[in-house]
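Data block below; observations after.
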Amino acid sequence: MRYSDLTLDREGLAAAIACEDAAFEEALREEAYRVKVATIGPEVYLRGLIEVSNICVKNCLYCGIRRGISCQRYELSEDEVLATAQIAARRHFGSVVIQGGERTDAAFVRKITRLLKAIKSFDTGEDPPLGITLSLGEQSRDVYEEWFDAGAHRYLLRIESSNPDLFRKIHPDDPLHSYDRRLQALYDLKEIGYQAGTGAMIGMPFQTAADMADDLLFFKEFDAPMVGMGPYNPHPDTPLTISGAPYPSAERRFSLGLKMIALLRLLMPDINIAAATALEILDPCGREKGIMSGANVIMPNITPAEQMIKYNLYDRKTLNASNVDDLKAKGIPIGFSHWGDSKHFRRKELD
Ligand code: 5AD
Ligand code: SF4
């Protein structure tokens, strides 16, 4: 396939995803980078990622911290979270992401509310104060409202796959793991006023090029102001890996990861697209390559090292805390000291 033949409808996207021609993929990534710079500029926004706990009530079949897996669990204390958020403030990251396994018990919900209020009251000497994104799974609408009122303004909740049949295959078949419930949560977040980000895994067992094309069209249809997608990385002890279901090679999952970023940038030129950590598992410069393929957000992991190693969603071989310096060395401007909201979201607010 030639780059000039690319169309952004379902058929065209699926053909681009299926095409393994290196020259095509390179032309696509270059064009996506050009579109990004022309639309939102070359700046990369940072979010300091704090993984608050690897305790999770869910049992997703692909995940290394699922309830059914035996691993060492941890939960950062409030003081530890605040000290970590201070690091983000001191490094002028502009915003933090509080991510963790899903928990809906009242003690956890209240703890997050207290943390949000405490982080919002930091005196960073900067305007605006530290922005806060949450990534804590499905919660009731009331809880989402409580956290929004306490100061969170963005929320990440991946759909994982926009194909309900594939969603079913990678999750246990029970009410806790429901595609419709996930979708409802995304619409709740949006209605409450969050910038509701979503995303999917790329290169999973059973996933077709058409499924991935549909994921991109789902992001467009949902009008997501931010998207985080990353390659699927098998964790050896999960049911999905143990089942032996085949999935694409590491090399292919990596090139698919970059290609999905590039295609999404063409489809939604002014949104925030994250270069996910999962890219870095497959290539030491994975996140940088994500940026060069059209992504504009990096989430340097600032979780204390002892706990970071336990937040083992997939088999983490490398733990690269931040490649901010690498990006700077390349001459890519870094957006310090501001929230880095997506231009897409702000444009809509002005309408
Ligand atoms: N490979 C890649 N990504 C994974 N996640 C969970 N397990 C894996 C895996 N094995 C991703 C999911 C989830 C996010 C926190 O981590 O997409 O939304
Ligand atoms: Fe829990 Fe998220 Fe892992 Fe599912 S993917 S088991 S919700 S941490």
Side-chain angles (χ1 to χ4, degrees), residues 47 49-71 73-75 97-105 108 133-139 155-162 166-172 174-179 181-182 185-186 189 196-207 212 215 218-219 224 226-243 245 247-248 250 253-254 256-257 260 274-282 286-287 290 299 301 303 307-308 310-318:
R47 286 92 179 75
L49 178 64
I50 310 174
E51 291 159 339
V52 288
S53 158
N54 68 350
I55 301 169
C56 186
V57 297
K58 281 218 162 93
N59 228 349
C60 308
L61 300 178
Y62 46 83
C63 178
I65 61 169
R66 63 197 297 271
R67 190 183 66 224
I69 227 164
S70 139
C71 66
R73 305 285 169 174
Y74 75 89
E75 180 179 353
V97 179
I98 295 182
Q99 185 165 70
E102 190 171 305
R103 275 178 61 186
T104 52
D105 57 287
F108 181 73
T133 306
L134 295 178
S135 177
L136 299 168
E138 290 163 23
Q139 304 286 341
Y155 202 105
L156 297 171
L157 183 64
R158 288 182 173 182
I159 191 77
E160 312 296 358
S161 169
S162 63
L166 179 53
F167 187 97
R168 174 62 43 251
K169 286 190 185 133
I170 59 171
H171 293 101
D174 64 32
L176 189 62
H177 301 82
S178 148
Y179 178 86
R181 174 74 193 91
R182 177 69 55 103
L186 277 169
L189 289 164
T198 187
M201 283 182 289
I202 302 163
M204 287 184 281
F206 319 116
Q207 193 180 30
M212 291 182 247
D215 289 343
F218 170 83
F219 306 146
M226 52 190 195
V227 171
M229 306 174 281
Y232 165 69
N233 289 319
H235 181 293
D237 304 329
T238 56
L240 197 57
T241 305
I242 292 167
S243 76
Y247 51 84
R253 278 180 283 123
F254 185 70
L256 278 171
M260 288 288 278
T277 323
L279 283 170
E280 206 146 279
I281 304 298
L282 299 168
R287 288 196 282 189
M299 314 204 301
N301 198 329
T303 310
Q307 283 91 5
M308 194 193 289
K310 295 181 194 150
Y311 201 84
N312 195 21
L313 295 172
Y314 29 79
D315 215 14
R316 268 187 187 168
K317 292 189 188 68
T318 54

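We count residues from 1, following the sequence as given. Remember, it's 1-based here, ligands and their atoms both numbered in the order they're listed.
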What's the verdict on side chain to side chain donor-acceptor pair (under 3.5 Å) for E75 and S53, showing C-alpha distance, side-chain angles and the deciding distance? CA-CA 4 Å; E75 180 179 353; S53 158; 5.2 Å; no
Quick one: are [X] and [Y] in side-chain contact, heavy atoms under 4.5 Å?
X    : Y    : value
H235 : L313 : no
M229 : M212 : no
K58  : E138 : yes
Y311 : T303 : no
I202 : R253 : no
C60  : I170 : no

Below 3.5 angstrom, do we get any N/O pair linking Y62 and ligand 1? yes
Heteroatom proximity flag, R158 to ligand 1, N/O under 3.5 Å: yes
Taking 4.0 angstrom as the limit and counting only heavy atoms of Y232, give me the atoms of ligand 1 inside it, by number and element.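 That gives atoms 1 (N), 2 (C), 10 (N) of ligand 1.
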Below 4.0 angstrom from a heavy atom of C63, which ligand 1 atoms are there? Numbered from 1 as shown, please. 7 (N)
Which residue owns the protein heavy atom closest to [atom], what's the atom, and how far is it?
atom                    : value
atom 1 (Fe) of ligand 2 : C56 SG, 2.2 Å
atom 16 (O) of ligand 1 : L313 CD1, 3.3 Å
atom 13 (C) of ligand 1 : E160 OE2, 3.3 Å
atom 4 (C) of ligand 1  : M201 SD, 3.4 Å
atom 10 (N) of ligand 1 : N233 O, 2.8 Å

Heavy atom of P231 under 4.0 Å from ligand 1? yes
May I ask whether atom 4 (Fe) of ligand 2 is less than 4.0 Å from at least one protein heavy atom? yes
Apply side chain to side chain contact (heavy atoms under 4.5 Å, CB included) to the pair Y62 and N233, showing each step before the final yes or no. CA-CA 9 Å; Y62 46 83; N233 289 319; over 6 Å; no
Heavy-atom proximity to atom 6 (S) of ligand 2 ranks first, among G101, G64, C60, for C60
Show your reasoning for whether side chain to side chain donor-acceptor pair (under 3.5 Å) applies to R73 and N54. CA-CA 6 Å; R73 305 285 169 174; N54 68 350; 4.9 Å; no
Do you see an N/O/S atom of C63, backbone or side chain, under 2.8 Å from atom 3 (Fe) of ligand 2? yes
Using a 4.0 Å heavy-atom cut-off, which part of I65 comes near ligand 2: side chain, backbone, both, or neither?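 It is the side chain that touches ligand 2; the backbone stays farther off.
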